[in-house]
Amino acid sequence: MVSRWTRTLIPTLREAPAEAESPSHVLLLRAGYIRKLGAGIYDYLPLGYRVLSKVAQIVRQEMNAAGAAELSLPVLLPIELYSGTRRDADYGDLLFKVTDRKGAVAALGPTHEEPITEALKGCVSSYKQLPLNVYQIQTKFRDEARPRSGLLRGREFLMKDAYSFHTSVDGPGGLSETYDRMYAAYVSVFRRCGLRFTAVEAESGPIGGSASHEFMVDAESGEDTVLKCAASGYAANVEKCEIGARQRGSLGLAAGAQPLAEVHTPAMPGIEAVAAHLKTAPQRMLKTIVFAVLGRAGEPAPAHRWVAATVRGDHEVNEGKVRSLSGYAVALADERAARAAGFAIGYVSPRVVGAVPGTLVLIDEDASADGPWVSGADKADHHVTGFDWRREIGGALDDPGRVRVGDVRNAMAGDPSPRAAGSRLETGRGIEVGHIFKLGTKYSEAMGFRVLDEKQQQRPVIMGCYGIGVSRTMAACVEMSHDAAGIVWPMPLAPYHVLIVPMKAEDPQQAALAQRLSAELASGGVDVLIDDRDERPGVKFKDADLIGVPVRLTLGDKALAAGSVEFKLRTDAGKGELVPIAQAAERTLAAVTAGLGGAPA
RNA sequence: CGGGCUGUAGCGCAGCUUGGUUAGCGCGUUUGACUGGGGGUCAAAAGGUCGGCGGUUCGAAUCCGCCCAGCCCGACCA
């Protein structure tokens, strides 16, 4: 198709609004793709909407190819829908709520597990109707505590969400089969979008195993850390990433043992401050974080009430790993409750294993080396030096009911790979654009969605769910691909493939040529924008770079006199290359086709 | 939700400390002329509830109070 600059709306800005900071936010605003209406709420102007539509179209094609059926669910959801799964409480303030004239409360859908389960519950009752995979591309709402970075974290955003339904996990028609197919479809989607990305293992769903993957666009500005092992291809996010075999310490008495000494460290709960004050390094310190064991209604009271996890000062405790090693559902302890129980929050030491009843201490392998260590002193504003595991804790170390050693910290760059001996983990930053996981029966059980199996037994349906942030993908692409002058779109997502720039818009020869070229390209399936504004060349070139259309054809006097036009890719420097007019369309078509991955446009 | 900060023309900002003509500047916009290969020059013009409400005062963009909106850091993030 062909558009004219003067007949569409592309309000480019020389200066970015002060509130925008991240590259995608600044550039999408400056290049006239989006406008802000409120915090985390944006207009998609014509360029932005074209990109958004292209992402959505690629997603749609791949979902259809993967055997999913498109539908559309309401955004306005009666709050009662959430009562069964308790997600109104889980979501808390994240859920947007509206009240109607009768006082009834509805939520604006943040995701659609409940409504889809409700919908299918009404029309699927036999195993013969399964498996089923349905999806929608729908606006979602989340009342984010802090919307930020433009489209990357909005309060209103476009998302593709798919849900699959099965009677088994394994075998033909099972959840795993669809999960694998969706994984492959996601790889296709992001490849076709022209993105550099990594699929990483994420926190497991209720079924266990590698039941969840996140798709992360590689971008320096990403909020998430991705760990990768080059040798094995293993990749995971920080929450999930395992660490390969490490040297386990002996928890012994240090050879050069020092006496335990208490030092005054006023108002210094932080590792860094204490290390500086005591002229030691965080690697020589122990950090102990207290978690509360969550009792489950209807189950016997757990043997422990608290879990204290000790890691080296330069490491971070990983809550999921604390959960696995302890075997308990835990949450970071409420500060007041923990203080009341006897924990000097901010100054806790592993000695709490004896001092506070019902405490299980988890020691990370790196923290299990011989002392002496610097640790909290279990009283406010004090630390101890010369801490020695064997001497301070003694017998508890040998009682697995009181102390366990294992992996309880976040992986870091340089840690041993869990999949390839001798290989080390590397880190990168990413932006999460897709997430797939095996849900299991959480929603179907909570909402009573059962089908009759071949043995005439009622069985809760097994579910999977699969999300892609469509608007976020658009922004992530800009984060991944831009330069000082503006956006650099990959061909598949570009709002237009080609920008034709007649230097003098009112020159009849140039106008006619622009017309002819664009018609020829359009007939080949190319999207063309003609900059027909009566602007100075500098303005047109600056805007061309800013909006980031991949191919630029410049129509100027000198080149035309020589029977040529200038052909330039956005990624090329300079004015571009002279191409005879007769070959211009063909050359452009080839570039567009190549940029689309060889697929017909 | 904690910490820091900002609201003055479409965008970027000054003015506020020390209250006092008609609230300025740059960019953008409009009109005209000259120009025409990386945001050009000249001339003229349009455009403002100074975030809102209340207070102090003869007088408030400026001082005080409350509220609202927004940004950044952190917490949080299916």
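Chain identifiers are assigned alphabetically (A, B, ...) following the order of the sequence lines, protein sequences preceding nucleic acid strands; residue numbering begins at 1 within each chain.
Ranking B/rC77, B/rG36, B/rG38 by closeness to the A/R153 side chain, first place goes to B/rC77. Taking only side-chain atoms of A/T554, from C-beta outward, the nucleotide of B/rG12, B/rG37, B/rU35 with the closest atom is B/rG37. Which of B/rG37, B/rG36, B/rG40 sits closest to the side chain of A/R536 comes down to B/rG40. Nearest to the side chain of A/D534, among B/rG38, B/rG36, B/rG40, sits B/rG36.
Every residue two or more places apart in sequence or in another chain that forms a salt bridge (charged side-chain N to carboxylate O under 4.0 Å, His left out) with A/E144 is listed here: A/R153. Contacts of A/D161 classified as salt bridge (charged side-chain N to carboxylate O under 4.0 Å, His left out), with partners at least two apart in sequence or in another chain: A/K140.
Distance noted for atom C1' between B/rA23 and B/rC68: 24 Å (whole Å). B/rA14 and B/rG59 have their P atoms separated by 30 Å, with the value rounded to a whole Å. The C1' atoms of B/rC73 and B/rU21 are separated by 44 Å, rounded to the nearest whole Å. Only the P atoms considered, B/rG7 is 11 Å distant from B/rG12, to the nearest whole Å.
Geometrically, A/K438 engages A/Y179 in a cation-pi contact defined by less than 6.0 Å to the ring centre and at most 45° from the axis.
Of the residues near RNA chain B, A/M159 and A/G574, the one whose nearest nucleotide (by heavy atom distance) lies more toward the 5' end is A/G574. Nearest-nucleotide mapping onto RNA chain B: of A/A559 and A/L332, the residue sitting toward the 5' end is A/A559.
Across the protein-nucleic acid pair, A/D557 atom CG and B/rU35 atom P stand 15 Å apart, rounded to whole Å. One atom, CZ of A/R30, and another, P of B/rG12, lie 12 Å apart when rounded to the nearest Å.
Taking the six-membered ring wherever Trp is involved, the centroid distance between the rings of A/Y466 and A/H213 does not fall below 6.0 Å.
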N/O-N/O pairs, protein side and nucleotides 25-29 of chain B side, under 3.5 Å:
residue, atom, partner, partner atom, Å
B/rG26, N2, A/E15, OE1, 3.1

Please enumerate all protein N or O atoms sitting under 3.5 Å from an N or O of nucleotides 69-74 of chain B, with distances to 0.1 Å.
residue, atom, partner, partner atom, Å
B/rG70, OP1, A/A39, N, 3.0
B/rG70, O3', A/K36, NZ, 3.2
B/rC71, O3', A/E19, O, 3.3
B/rC73, OP2, A/R146, NH1, 3.1
B/rC73, OP2, A/R146, NH2, 2.9

Every protein N/O within reach of nucleotides 46-52 of chain B N/O, cut-off under 3.5 Å:
none

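Checked by atom type, the side-chain pair A/Y135/A/E70 shows a donor-acceptor distance below 3.5 Å. In this structure, a donor-acceptor pair under 3.5 Å is absent between the side chains of A/Y186 and A/H435.
Between the side chain of A/T12 and the backbone N or O of A/R30 there is no donor-acceptor pair closer than 3.5 Å.
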RNA chain B in dot-bracket form (Watson-Crick or G-U pairs under 3.5 Å, [ ] crossing, | inter-strand) is (((((((..((((......[...)))).((((((.....)))))).....(((((..]....))))))))))))....
For the pair A/Y33 and A/W489, evaluate ring-ring contact (aromatic ring centres under 6.0 Å, His included) and give the outcome as yes or no after the intermediate values.
CA-CA 13 Å; A/Y33 283 75; A/W489 288 112; 5.7 Å; yes
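For the side chain to side chain donor-acceptor pair (under 3.5 Å) with A/R429, the lone residue among A/D224, A/T225, A/D218 that qualifies is A/T225.
The existence of a salt bridge linking A/K504 and A/D557 is confirmed by a sub-4.0 Å separation between a basic side-chain nitrogen and an acidic carboxylate oxygen.
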